[in-house]
S.K.: 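What follows is a single structure, and I will ask about it in a moment.
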Amino acid sequence: LSKEINCTFLELPFVFGEVAGGVSLWKPLMKYLGSGWPIFTPKGGTSMVSVAVVAKLAVEEITLGKGHAVQPVSQANMEWKILFKRLSEEIGKPRKVFFLPRVVLSLALKTTQLIHSLMGKEGGLKFGRLTPLLTRELYLYDQLDSTILTHPDTDLTKAFQGTILSSSA
């Protein structure tokens, strides 16, 4: 018997989809996008993936993977503005999206961190340090990069609907 264990770490971007028996971590955003308030978003964007694709790729890595690897995963790249617009449309409250100046975003995140601290909440993120990340194009998916696990289904509509459903609990 071999004493080695094959292990692959999947590096996941933002994940969308239904949370069976639970509440989505996206609930605060879905509440905001469904509120009717003007939608503000930073410039930049991110990679994303659906729960279904993560599950499929995890099974593939377990059964076919070579192990001992760190594997980035991405299904699609999207600007924050487009993501928030699509989600508001799926919620049924479509409206125009405005860019939020970086300094305002930084102040809002630091204020949120202070409020959470005063309430005794610790989410694991240092909100005050998120501004540089949220205002960049943090894209993983590149069709030419064979080191990134991708999935040809870039339609995230079903995953967005599942996220909205899990956020309404």
Side-chain angles (χ1 to χ4, degrees), residues 10-19 22-54 57 70 72-145 148-151 153-169:
L10 299 178
E11 291 182 341
L12 302 176
F14 289 111
V15 180
F16 290 91
E18 189 170 350
V19 179
V23 178
S24 172
L25 294 174
W26 292 106
K27 185 174 182 172
L29 177 63
M30 298 306 130
K31 185 176 178 181
Y32 166 62
L33 295 175
S35 70
W37 284 85
I39 300 174
F40 293 97
T41 182
K43 290 190 177 189
T46 191
S47 285
M48 58 198 70
V49 67
S50 70
V51 168
V53 168
V54 170
L57 293 175
V70 176
V73 176
S74 180
Q75 186 175 351
N77 293 322
M78 201 174 294
E79 291 179 9
W80 293 116
K81 184 175 182 176
I82 294 169
L83 174 62
F84 284 27
K85 184 169 179 48
R86 279 191 62 187
L87 288 170
S88 71
E89 290 168 354
E90 287 297 327
I91 290 171
K93 299 251 184 164
R95 52 202 185 282
K96 188 173 179 176
V97 179
F98 303 94
F99 282 118
L100 188 64
R102 187 179 170 132
V103 67
V104 176
L105 175 64
S106 180
L107 181 62
L109 289 170
K110 287 176 183 176
T111 302
T112 301
Q113 185 170 339
L114 176 63
I115 292 169
H116 284 189
S117 176
L118 293 173
M119 295 172 64
K121 292 183 178 181
E122 174 58 54
L125 291 174
K126 298 292 182 192
F127 289 130
R129 297 182 179 174
L130 280 177
T131 302
L133 291 174
L134 293 175
T135 55
R136 290 185 187 161
E137 293 178 346
L138 295 174
Y139 300 144
L140 291 175
Y141 180 73
D142 181 346
Q143 292 178 336
L144 302 177
D145 189 345
I148 297 174
L149 290 178
T150 60
H151 192 275
D153 174 18
T154 57
D155 182 11
L156 288 159
T157 302
K158 187 174 179 181
F160 290 159
Q161 292 167 346
T163 299
I164 292 163
L165 180 67
S166 294
S167 298
S168 62

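We number each residue from 1, following the sequence as shown. The analysis underlying the following values was restricted to heavy atoms, covering all of them including side chains, and did not include hydrogens, waters or symmetry mates.
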S.K.: Going by side-chain contact (heavy atoms from CB on, under 4.5 Å), name the residues that satisfy it together with Glu137, two or more places apart in sequence or in a different chain.
M.R.: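 Result, side-chain contact (heavy atoms from CB on, under 4.5 Å) vs Glu137: Tyr139.
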S.K.: If you look only at distance, which donor and acceptor atoms sit under 3.5 Å apart when one is on a side chain in residues 34-42 and the other is two or more places apart or in another chain?
M.R.:
unit_1	atom_1	unit_2	atom_2	d
Ser35	OG	Tyr32	O	2.7
Ser35	OG	Trp37	N	3.1

S.K.: Report the distance from atom CD of Gln113 to atom CZ of Arg129, rounding to the nearest 0.5 Å.
M.R.: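 Here the rounded value is 8.5 Å.
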S.K.: Within a strict 4.5 Å, meaning less than it, do heavy atoms of the Leu134 and Leu109 side chains meet?
M.R.: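 In short, these two side chains touch, coming nearer than 4.5 Å.
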S.K.: Just so I know, are the side chains of Arg136 and Lys43 near enough to count as touching, which here means a heavy-atom distance under 4.5 Å?
M.R.: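 No, side chains not in contact.
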S.K.: Please name all residues satisfying side-chain contact (heavy atoms from CB on, under 4.5 Å) with Thr46, sequence neighbours left out, ordered by chain then number.
M.R.: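 Thr46 satisfies side-chain contact (heavy atoms from CB on, under 4.5 Å) with Phe14, Met48, Trp80 only.
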S.K.: My understanding is that only residues two or more places apart in sequence, or in another chain, count here; which of them pass ring pair (Phe, Tyr, Trp, His ring centres under 6.0 Å) with Phe160?
M.R.: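 In terms of ring pair (Phe, Tyr, Trp, His ring centres under 6.0 Å), with neighbours along the sequence ignored, Phe160 is linked to Phe16.
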S.K.: Does atom CG of Leu25 have more than 12 heavy-atom neighbours from other groups under 6.0 Å away?
M.R.: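 At most 12 heavy atoms, drawn from other residues, nucleotides or ligands, come within 6.0 Å of this atom.
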S.K.: Residues in salt bridge (charged side-chain N to carboxylate O under 4.0 Å, His left out) with Lys81, at least two apart?
M.R.: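 For Lys81 there are no salt bridge (charged side-chain N to carboxylate O under 4.0 Å, His left out) partners, ignoring immediate neighbours.
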S.K.: Can you name the side-chain contact (heavy atoms from CB on, under 4.5 Å) partners of Val19, sequence neighbours left out?
M.R.: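 Applying side-chain contact (heavy atoms from CB on, under 4.5 Å) to Val19 gives Ser24, Ser166.
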S.K.: By side chain to side chain donor-acceptor pair (under 3.5 Å), which residues pair with Ser50, not counting sequence neighbours?
M.R.: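 Expected list: Gln75.
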S.K.: To the nearest 0.5 Å, what is the distance between CG (Leu87) and CG (Leu33)?
M.R.: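 Leu87 CG to Leu33 CG: 6.0 Å, rounded to 0.5 Å.
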S.K.: Can you measure from CD1 (Ile164) to CE (Met30) and round to the nearest 0.5 angstrom?
M.R.: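 Ile164 CD1 to Met30 CE: 6.0 Å, rounded to 0.5 Å.
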S.K.: At their closest point, which heavy atom of Gly17 faces which heavy atom of Val51, and how far apart are they?
M.R.: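 Scanning both residues completely, I find the closest heavy atoms to be CA-CG2, 3.9 Å.
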S.K.: Look only at the side chain of Glu79 and the backbone of Gly44, and say whether a donor-acceptor pair between them is shorter than 3.5 Å.
M.R.: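 No, the answer is negative, given that no donor and acceptor are paired below the 3.5 Å cut-off.
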S.K.: Rounded to the nearest 0.5 Å, what separation is found between the OG atom of Ser168 and the NZ atom of Lys31?
M.R.: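 Atom-to-atom, Ser168:OG and Lys31:NZ are 13.0 Å apart.
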S.K.: Among all residues two or more places apart in sequence or in another chain, which pass the side chain to side chain donor-acceptor pair (under 3.5 Å) test with Glu90?
M.R.: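 Listed in chain order: Gln161.
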S.K.: Identify, with sequence neighbours excluded, every residue that meets side-chain contact (heavy atoms from CB on, under 4.5 Å) alongside Ile115.
M.R.: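 Once residues adjacent in sequence are excluded, the partners of Ile115 under the side-chain contact (heavy atoms from CB on, under 4.5 Å) criterion are Thr111, Met119.
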S.K.: For atom CZ of Arg95, is the number of surrounding heavy atoms from other residues, nucleotides or ligands below 6.0 Å larger than 12?
M.R.: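 More than 12 heavy atoms, drawn from other residues, nucleotides or ligands, come within 6.0 Å of this atom.
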S.K.: How long is the span from the CG atom in Leu138 to the CG atom in Leu133, to the nearest 0.5 Å?
M.R.: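 Taking CG in Leu138 and CG in Leu133, the distance rounds to 6.0 Å.
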S.K.: Which atoms form the tightest heavy-atom contact between Leu156 and Ala76, and what is the distance?
M.R.: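 Looking at all heavy atoms of both residues, the closest pair is CD1-CB, 3.9 Å.
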S.K.: Could you go through Ser74 and Val49, starting from their C-alpha distance and side-chain angles, then the distance that decides it, and tell me whether this counts as side chain to side chain contact (heavy atoms under 4.5 Å, CB included)?
M.R.: CA-CA 5 Å; Ser74 180; Val49 67; 6.0 Å; no
S.K.: Suppose we screen for side chain to side chain donor-acceptor pair (under 3.5 Å). Which residues come up paired with Arg102, at least two apart in sequence or across chains?
M.R.: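 Arg102 satisfies side chain to side chain donor-acceptor pair (under 3.5 Å) with Thr135 once adjacent residues are dropped.
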